[in-house]
Enquirer: 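Got a structure for you, written out below as structure tokens; questions coming shortly.
Predicted, not measured: the structure shown is a model, and the values here were computed from it. Counting starts at 1 for both ligands and their atoms, following the listed order. Any value given below was found using the heavy atoms of this structure, including those in side chains, with hydrogens, waters and symmetry copies removed.
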Amino acid sequence: MYTDSHTSDQAQHYVDIMLEHMPLGVALYDAQDLRLLTANALMLTFLDANLDPSWRNGRTIGHPVTDWLPEAIAPGLVAICRVVAETGTTYCIDEYTFDSPGRGTTYWKWTLDPVRDSSGRVTQLLQVVSPVTGQVLARQKAEQAHAALRQTNRAVEAERKRLEVIETVARSVRDSLDTESIGRAAVEAISTSFNPIAVHIHVADPVQQALRLLHIHSISGSEETLAFLKYVPYDSPLPVAQAHKGRDPIIIEDMQSAVVSGMIASNHPLATLIKIPSFICVPLWFKDHFEGTLAAIFRGSIHPDGPEVQTLVGCSMHIAAALAHARLHAAVENERARLWAVLDQLPEGVFLTEASDGRISYANAAATDILGVPPTSSIGVRPSRPSQSLPITDLSGQPIPPENFATTRALSGETISGREEIVTRLDGSQVVLLSSAAPLRTERGTITGAVTVFQDITERKSVEQHKNAFLSIASHELRTPITTIQGLAEILQMHLAHGQSLDTPRSLRAITDICEQSQRLTRLIEEMLDISRIENARLLLNLAPHDLLGTLSQVIESQAIISKHHRIPLVLAGLQETDTLIGTFDEDRIVQVVNNLLSNAIKYSPTGGDIEVGLRYTQDRPYEALIWVKDHGVGIAADELPHIFERFFRASNFDRSISGLGIGLYLVNELVTRHGGRVWAESSEGSGSTFFVLLPLNNPP
Ligand code: ADP
């Protein structure tokens, strides 16, 4: 018994020790009257903090909570106790804030558990409180840290989005050289990322002193309501126009307050035309050039430091740069097109070669024409590549290697001027060029390319060659009659010195020969003089009415006397021998023309034969007459026929002993043309030629 009671006392003692020292506050209440039956020290301390001093230090034990709890909390706590007692369910508060003057704010978890007797009736209520201040503070700190982190994340996210939009805009406008696509790309990139009410870009037109709408994206405004944005003069009150006066964006953070505060007049287009919550207009400056404006209308209010403003300002630099780039590119293209148009008019061939790859980047019309290549096929060709260039030789026929081409030399910094060279065209024909080339340099002196200019001097060269040939022939042609005259005159002189008569047949023939040779000499000199008269525009016609048939008959008669091996019949068409055909012409010159044709016909028919001179006149064409001279001589090769009227030209098929200067037909052509007529020839090599002269009869005197 003793032992039992001793043991029981001992156990109670231990329980008391445990209750006093455990880190939990424990209290037991009567479930009926809510009397505090017992409480350990920690619970008493917990309760004391809220109690009137008279109830502190355990004086509450044995008294119902309604007696000692402060009025402010008593009803709540009593209600909780009643619910637990009646329902038998545990009540628990995880985090009870407890302010005590000495210990500040502490946090407690407390539970109210029903205690049942053996019959299951709730007889007591067990209150347990445990301090959770440490956990709560730690949690609060964690929550604060989390909130701070969330905020930082939000800021980072906003910055990331800003950079992303700027990057998207930059990327979409960067490679475009076309202003319209820059506007579209930028507006689309901004509106997709921000979803504003409207975004629009204007480009500056400094000449018209106005801004032109480049592109707009708007979710609300119809074309009509936005028509006022299409063309905005610089002096308009719209912010789009005002923005060009400065470099800072115009920001209306909140339209209503702006109108209320008087910052924006209530009748301002912005305030009246659309319901605009907030607005930003960024001037687009590239260096010192105002390119236009970028503007956006947002759904809510905006802030100068906010993401919308920061992003638009960020985008504006890229858009301004792209617009400037496009503007400069267009200006360069314009200049280039103008230059190309001018160069295409030049008779000289011009091409430009790029230093970077040695390719031809431009060739004008004359260049492709002279070189005989299709208009576009020279672009991209590298003249320095033997496989891509036409063969070029110097005038002596020595090939010029590509590294010595004028263009190649110019690309390495040399200026080549007036170089004569022969190019063989694709069709095998040759053209003589006078080429010059010079390097193209930047301001700093870097060679960016070369310009090559060349002219086709084939004709000039051939005239030069013919002229040279002419001079040597002419001196020979002049010397021959002079030598003959001189020789014959000396013979006659000797005859006289020997007292011989000049009335002998030999002397008389010598005198006739002297006369003929002098006439030949006179004719040669006259023809040469005519050439110079033509060149100096001093060959004048002495036009007067004459009988063309009579003139022709006279020429034939005098030629027939000279020519011993040829018959010269006159063939008339539409005329009788007794007719007269009056026309207005320079008789001497027409005699010269027919004489020339006749003497050629005689000269180039060395084996003799008939030479037909014809004259046709028809009533259908009473204003003209056709003369022809037809021989059966050596003829003219088809490829030389087109050249026979050129100055100094002589065909290659005849015996070189046949004298001539290559100027007769040139004069014939000039004289007939000056009469308003036309001369041409038909011929086949070996079987004779026919020369035709179509002469107008009604030239005004
Ligand atoms: P040329 O003094 O050489 O005769 P022309 O100017 O009169 O000069 O003629 C030019 C060239 O045309 C001549 O050299 C000759 O080759 C050719 N020619 C002119 N007339 C005839 C002809 N009747 N038959 C053949 N060839 C001719």
Side-chain angles (χ1 to χ4, degrees), residues 459 462-463 465-481 517 519-535 539 555-556 559-560 562-563 565-569 571 589-614 627-674 679-693:
E459 202 173 319
S462 97
V463 170
Q465 275 170 4
H466 284 126
K467 209 171 197 168
N468 289 341
F470 166 80
L471 284 176
S472 71
I473 296 171
S475 53
H476 170 78
E477 290 284 311
L478 292 174
R479 209 175 298 124
T480 314
Q517 293 301 334
Q519 274 165 12
R520 187 175 155 199
L521 206 53
T522 312
R523 213 171 46 242
L524 279 174
I525 291 167
E526 267 311 310
E527 285 189 343
M528 286 184 206
L529 284 176
D530 280 347
I531 295 260
S532 91
R533 283 186 194 118
I534 288 170
E535 282 181 351
L539 191 134
V555 178
I556 295 171
Q559 281 284 354
I562 305 165
S563 176
H565 307 290
H566 301 86
R567 257 176 21 96
I568 310 177
V571 176
R589 292 305 187 180
I590 293 304
V591 168
Q592 188 182 348
V593 165
V594 181
N595 254 330
N596 240 311
L597 296 178
L598 258 175
S599 61
N600 273 353
I602 294 166
K603 205 162 60 168
Y604 297 108
S605 312
T607 53
D610 279 3
I611 291 170
E612 176 184 304
V613 176
I627 304 165
W628 67 90
V629 178
K630 180 177 179 169
D631 64 59
H632 302 278
V634 295
I636 302 159
D639 61 328
E640 294 185 310
L641 193 59
H643 302 288
I644 53 168
F645 295 102
E646 288 169 14
R647 218 166 18 148
F648 312 126
F649 183 86
R650 303 202 76 207
S652 51
N653 63 334
F654 58 81
D655 180 354
R656 282 286 145 192
S657 64
I658 300 177
S659 65
L661 290 175
I663 55 177
L665 286 184
Y666 168 74
L667 286 176
V668 165
N669 187 37
E670 283 293 326
L671 293 173
V672 174
T673 310
R674 273 153 204 257
V679 56
W680 69 99
E682 287 171 7
S683 180
S684 67
E685 206 173 356
S687 50
S689 319
T690 309
F691 284 80
F692 298 90
V693 173

Enquirer: Pairs of nitrogen or oxygen atoms closer than 3.5 Å, one from L661 and one from ligand 1: do any exist?
Expert: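 Looking only at distances, the answer is yes, because the N/O contact criterion of under 3.5 Å is met.
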Enquirer: Please check if the side chain of S683 supplies one atom and the backbone of I636 the other of a donor-acceptor pair under 3.5 Å.
Expert: yes
Enquirer: Can you find a pair of side-chain heavy atoms, one from V634 and one from P606, that are under 4.5 Å apart?
Expert: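 Yes, at least one pair of side-chain atoms sits under 4.5 Å.
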Enquirer: Who are the salt bridge (charged side-chain N to carboxylate O under 4.0 Å, His left out) partners of R479, not counting sequence neighbours?
Expert: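 With neighbours one apart ignored, the set is empty.
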Enquirer: Write down the atom of V629, the atom of A601, and the distance for their closest heavy-atom approach.
Expert: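 Heavy-atom minimum between the residues: CG1-CB, 4.0 Å.
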Enquirer: Measure from atom 16 (O) of ligand 1 to every heavy atom in A681, S689, A601, A651 and give the option owning the shortest one.
Expert: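 Looking at heavy atoms only, the winner is A651.
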Enquirer: Determine whether the side chain, the backbone, both or neither of L597 has a heavy atom under 4.0 Å from any heavy atom of ligand 1.
Expert: neither
Enquirer: Return the option from K630, E685, R650 holding the heavy atom at the smallest distance from atom 3 (O) of ligand 1.
Expert: R650
Enquirer: State if G633 counts as touching ligand 1 under the rule of any non-hydrogen atom under 4.0 Å.
Expert: no
Enquirer: Looking only at distances, please establish whether an N/O atom of ligand 1 is found under 3.5 Å from an N/O atom of G660.
Expert: no
Enquirer: Using a strict 4.0 Å cut-off to heavy atoms of I644, name the atoms of ligand 1 that fall inside it.
Expert: 10 (C), 12 (O)
Enquirer: With no hydrogens and no angle check, is any side-chain donor or acceptor of S599 less than 3.5 Å from a backbone partner on N596?
Expert: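 Checked: pair present.
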Enquirer: Of the backbone atoms (N, CA, C, O) and the side-chain heavy atoms from C-beta on, which set of F691 has a member under 4.0 Å from an atom of ligand 1: side chain, backbone, both, or neither?
Expert: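 The side chain, only.
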Enquirer: Report the relative orientation of the aromatic rings in W680 and F692; use parallel for angles under 30°, tilted for 30 to 60°, perpendicular for over 60°.
Expert: parallel
Enquirer: Between N596 and ligand 1, does any nitrogen or oxygen pair lie at a separation below 3.5 Å?
Expert: no
Enquirer: Can you tell which part of K603 has a heavy atom less than 4.0 Å from ligand 1: side chain, backbone, both or neither?
Expert: side chain
Enquirer: Looking only at distances, please establish whether an N/O atom of ligand 1 is found under 3.5 Å from an N/O atom of V634.
Expert: no
Enquirer: Thinking salt bridges, do R674 and E670 make one under a 4.0 Å N-O criterion?
Expert: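 Counted as a salt bridge, because a side-chain N and a carboxylate O are separated by less than 4.0 Å.
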Enquirer: Just heavy atoms, cut-off under 4.0 Å: does I636 contact ligand 1 by side chain, backbone, both, or neither?
Expert: side chain
Enquirer: Which of the numbered atoms in ligand 1 are below 4.0 angstrom from a heavy atom of G664?
Expert: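 Near G664, the atoms of ligand 1 are 5 (P), 6 (O), 7 (O).
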Enquirer: Within a distance under 4.0 Å of any heavy atom of I663, pick out the atoms of ligand 1 and give their elements.
Expert: 6 (O), 8 (O)
Enquirer: Just wondering, are more than 12 heavy atoms of other shown residues or ligands nearer than 6.0 Å to CD in E526?
Expert: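 Counting neighbours around CD of E526, more than 12 heavy atoms of other residues, nucleotides or ligands fall under 6.0 Å, so yes.
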Enquirer: Residues in side-chain contact (heavy atoms from CB on, under 4.5 Å) with K630, at least two apart?
Expert: E612, W628, H632, T690
